[in-house]
Amino acid sequence: MQSSGAIGVFDSGVGGLSVLHHIRQTLPHERLIYVADSGHVPYGDKSPEYIEQRSHTLARFLVGQGADAIVIACNTATAAAVASLRSLFSIPIVGMEPAIKPAVAATKSRVVGVLATVGTLESARFAALLERYAGEVEIVTQGCPGLVEQVELGELNSAKTRALIERYIAPLLDRGADTFILGCTHYPFLVPLIRDVAGENIVLVDTGAAVARQLQYRIQTELPQRIEEDTSAQFFTSGDAAQASRIMSALCDDTVAAQRLPREFI
Ligand code: DGL
């Protein structure tokens, strides 16, 4: 029997739109539901338990809306909640984590910088990734408090955002990193500024495209009966709908009308 479904995507805020962009390119015929947990952003300084609980709430909302696959478009939420989400929901759940393996393959200086939230860098999943893939390459980690907030405000090129990026990138360049991992889904929106500060030769590694390919594979193998009949996209926020619509429209380069989540999911 055939069934229609939707892909549910969530993040602490608008960062996951950088992943949604790749999902739309890879799977253009899917119905998409995006949730920005803007009422609780940033996740990076919250406890793993808090993020896990929010992730469960958002996943329940998405499944209730018809999602039959979920993408955790957030490194921090993946670290805190992917394991429990997979035990609670029997649908494909695709998470994301800093791309150590491709960065280690790309570096020539043998030094890789990781820009991510403190929550991601302190997680057991990140420690396991390093253990598995870093090998002889030196990995320099840099938590970036405040950067997510700048993207949430749509300040992709302000003096404050530039000052933060200069501060966070300087130690990586000082150590000789020639490759930076964008370990937070908000950071791809800052690529022009990062390149401006770090130079055009720096290699920037983002996981959005790989996540979209992994989602495509999971859908093809686990949901083969699915029909694609509705290619709409809906956007929800646990924060202010007007503010979310404004920033999302700017980041998507399209008109986005975000709706506020029902009260029980806020
Ligand atoms: N986009 C989230 C990530 O990928 C950001 C988290 C935050 O809200 O601090 O980690």
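Counting begins at 1 with the first residue of the sequence. One-based numbering, in listed order, for ligands and for the atoms of each. Values reported hereafter were calculated over all heavy atoms of this structure, with side chains retained and with hydrogens, waters and symmetry mates removed.
Checking Thr255 against Ser249 by side-chain atom types alone, no donor-acceptor pair falls below 3.5 Å. Counting only N and O atoms by type, the side chains of His40 and Ser238 include no donor and acceptor under 3.5 Å apart. No side-chain N or O of His186 forms a donor-acceptor pair with one of Gln150 less than 3.5 Å apart.
Shown here is Asn201, whose CG atom has no more than 12 heavy atoms of other residues, nucleotides or ligands within 6.0 Å. Glu131 CD: 12 or fewer foreign heavy atoms inside a 6.0 Å radius.
Between Phe61 and Phe236, the ring center distance clears the sub-6.0 Å criterion.
None of Gln216, Glu222, Gln220 except one satisfies the side chain to side chain donor-acceptor pair (under 3.5 Å) rule with Arg218; the exception is Glu222.
The proximity of Val41 to ligand 1, defined as any non-hydrogen pair under 4.0 Å, is limited to the side chain. Residue contacts with ligand 1, taken as heavy atom pairs separated by less than 4.0 Å, involve Asp11 solely via side-chain atoms from C-beta onward. The proximity of Ser12 to ligand 1, defined as any non-hydrogen pair under 4.0 Å, is limited to the side chain.
Every atom of ligand 1 is numbered from 1 in the order shown, and the set under 4.0 Å from a heavy atom of Gly44 is 7 (C), 8 (O), 9 (O). Close approach to Tyr43 involves these atoms of ligand 1, each under 4.0 Å from a residue heavy atom: 7 (C), 8 (O), 9 (O). Listed by number with element, the atoms of ligand 1 under 4.0 angstrom from any heavy atom of His186 are 1 (N), 2 (C), 5 (C).
Counting heavy atoms only, Asn75 comes closest to atom 4 (O) of ligand 1 of the residues Val14, Asp37, Asn75, Asp45.
The shortest N or O to N or O distance between Ala73 and ligand 1 is not under 3.5 Å. The shortest N/O to N/O separation between Thr120 and ligand 1 does not fall below 3.5 Å.
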